[in-house]
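Below you'll find the structure, written out as structure tokens, and then a few comments.
Chain naming here is simple, since letters A, B, ... match the order of the sequence lines and numbering starts at 1 in each. These figures come from a predicted structure and were not determined experimentally.
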Amino acid sequence: MAEKIKIAQYWGAGCGGCDVALLDIDAKILDVHAIAEVVFWPIGFDGKLHDIENMPDKSITVSFYNGAIRNSENEHVAKVLRQKSVIMISFGSCACYGGTPGLANVTNKQEVFQTVYKDTQSTDNAAGVMPLTHSKVKEGELELPEFYDTVKTLDEVVDVDYFMPGCPPTVNLIAMAVDAVAQHVTKGTPLPPKGAVIASDKTLCDECKRERVEKGRKIERIYQAYEITPDPKKCLLDQGIICIGPATRAGCGAMCPNAQMPCRGCMGPTKGVMEQGASMLSALSSLLGMTDSEAGLSEESIMNIMLQVKDPLGTFYAFTLPKSLLKRTVTEKKKKKTVT
Amino acid sequence: MSTDAAHKSASQGGNGGDEHFEPRILVFCCNWCSYAGADLAGVSRLQMPPYFRVIRTMCSARVDPEFIMRAFQKGADGVLVAGCHPADCHYIGGNYRTRRRMALMKVLLQQFGFDPDRLRLEWVSAGEGEKFQKTIIEFTNTIKELGVSPMKGGE
Ligand code: SF4
Ligand code: SF4
Ligand code: SF4
Ligand code: FES
């Protein structure tokens, strides 16, 4: 057999779940081992970035990058791996859409530091020490990565070949990707077109086995998942539990609705849609509180119906804030009004 | 309203010292009522501050929230959605969906840091040229008061 291909795996701003997910493919990992040598994997073994920096360009066949871009180190490693790799895969919701760390885009660096290094109950920092990118100590100068105001997706800082959403991507999808690479390396099978999302092109609802109301669909009121015991066969959204399925890409097998939990949207927007949040907002607005005497409802009562959705940003953009059109929150010069 | 009065009332809004702020306002009008209303305002030569551009959609419900997000992302200072009065939508219930979306969009935009008044919904029928004019004047004033979009001038 020919020389083994080289693969790398890195974590940016993530939780480690994606690193572990790659091991969840069980025996398939042996297929990976048969064709590949892992050259860089910080969570798995001690590797040095400068060894990678010294490799010839394009000498790594595939890099799996998980986690979002939260600081200058995340960005630097992404750039190095991009330069050294033939295929760059954005692995997991954090890399693809910002994921959970991306929700920090409702705030900024200063506020995050204030909370973490000053305000939390468990913080004992009387001297008010804050992280600095450069600080002088007796032994010399220390350097820390620069923490950004705004969390970015991987494809904002480097060119990405394939996207593998999921928090983390499911075993099936990983096996699909591993197969595609293995077939390509061993048999020359063509890879999917650049930019492809390794998942399904359908909507999560198409994949979900729960029964939906076909005609005259409407939701009377919204319930939090803990407030009711949902009927195990019927669509959760129809029962008033906000399930992001209608605005989410299929591919996970509708795991959460199968386990009686609403989908939170980790697979990201469906094909051709940019804004998962806006798309879910639309879907919900067509159903919520519809009556037979609509014309008589005042605008205030409409607002009251919609205010049942307590936190639209956090609910509809739970995984995709940095990938949304606005990417982060902004600040009005003069705040005038609030809707409540 | 006379020409002068219309111009005056639109430029009077306390615009926070920025005398030269020329807002960029996007107006979505549904084909069956509001666009005809806007057209009537035009052929009746009703004067309006010239800071808005109209996009015609078949129904107000065709205004995908993504369009509104895109408008704000591109730096619109305000977005107005105009549709048929309740019970008058050409597609029966399009505007009922529209008003639910718009209510929730206001909450969402507020969470994104925008003043919710930068988004407005108004019902304008084909015969209401004057209401269209009034709405544009008022909305322009509101936006002038709020000043430039935080996407451009804010943080
Ligand atoms: S996508 Fe999910 S599992 Fe992967 S790093 Fe992010 S939070 Fe963790
Ligand atoms: S809304 Fe949720 S529960 Fe209902 S069909 Fe879609 S994925 Fe299944
Ligand atoms: S059901 Fe939704 S939240 Fe759960 S794994 Fe699938 S896409 Fe993610
Ligand atoms: S056609 Fe005017 S709102 Fe639907």
Any non-hydrogen side-chain atom of A:Leu326 less than 4.5 Å from a side-chain atom of B:Phe114? yes

Keeping the roles fixed (side chain from A:Glu332, backbone from B:Asp115), state whether a donor-acceptor pair exists under 3.5 Å. yes

Residues of residues 82-102 of chain B with any heavy atom under 4.5 Å of a heavy atom in chain A: B:Pro86, B:Ala87, B:Tyr96, B:Arg97, B:Arg99, B:Arg100, B:Arg101

Is it true that A:Glu275 and B:Arg70 make a salt bridge, defined as a side-chain N closer than 4.0 Å to a carboxylate O? no

Taking the side chain as every heavy atom from C-beta outward, state whether B:Pro150 and A:Thr331 have any atom pair closer than 4.5 Å. no

As an exercise: rank A:Asn105, A:Leu288, A:Leu287, A:Val106 by heavy-atom pairs under 4.5 Å with chain B and give me the winner. A:Leu288

Heavy-atom pairs under 4.5 Å with chain B - which of A:Leu297, A:Ile305, A:Val273, A:Leu321 has more of them than the others? A:Leu297

Between B:Met105, B:Gln73, B:Gln111, B:Met69, which has the largest tally of heavy atom pairs under 4.5 Å with chain A? B:Gln111

Below 4.5 Å, heavy atoms only, C-beta onward: do A:Met303 and B:Val107 meet side chain to side chain? yes

Find the distance between CZ (A:Phe316) and CG (B:Leu108) and round it off to the nearest 0.5 Å. 8.0 Å

To the nearest 0.5 Å, atom CG of B:Leu121 lies from atom CD of A:Glu299 at 6.0 Å

Which value, rounded to the nearest 0.5 Å, describes the distance between A:Leu325 atom CG and B:Ile68 atom CD1? 12.0 Å

Give, for atom CG of A:Leu313 and atom CZ of B:Phe112, the distance between the pair rounded to the nearest 0.5 Å. 4.5 Å

Under 4.5 Å to a heavy atom of chain B? For A:Ser324 that would be side chain

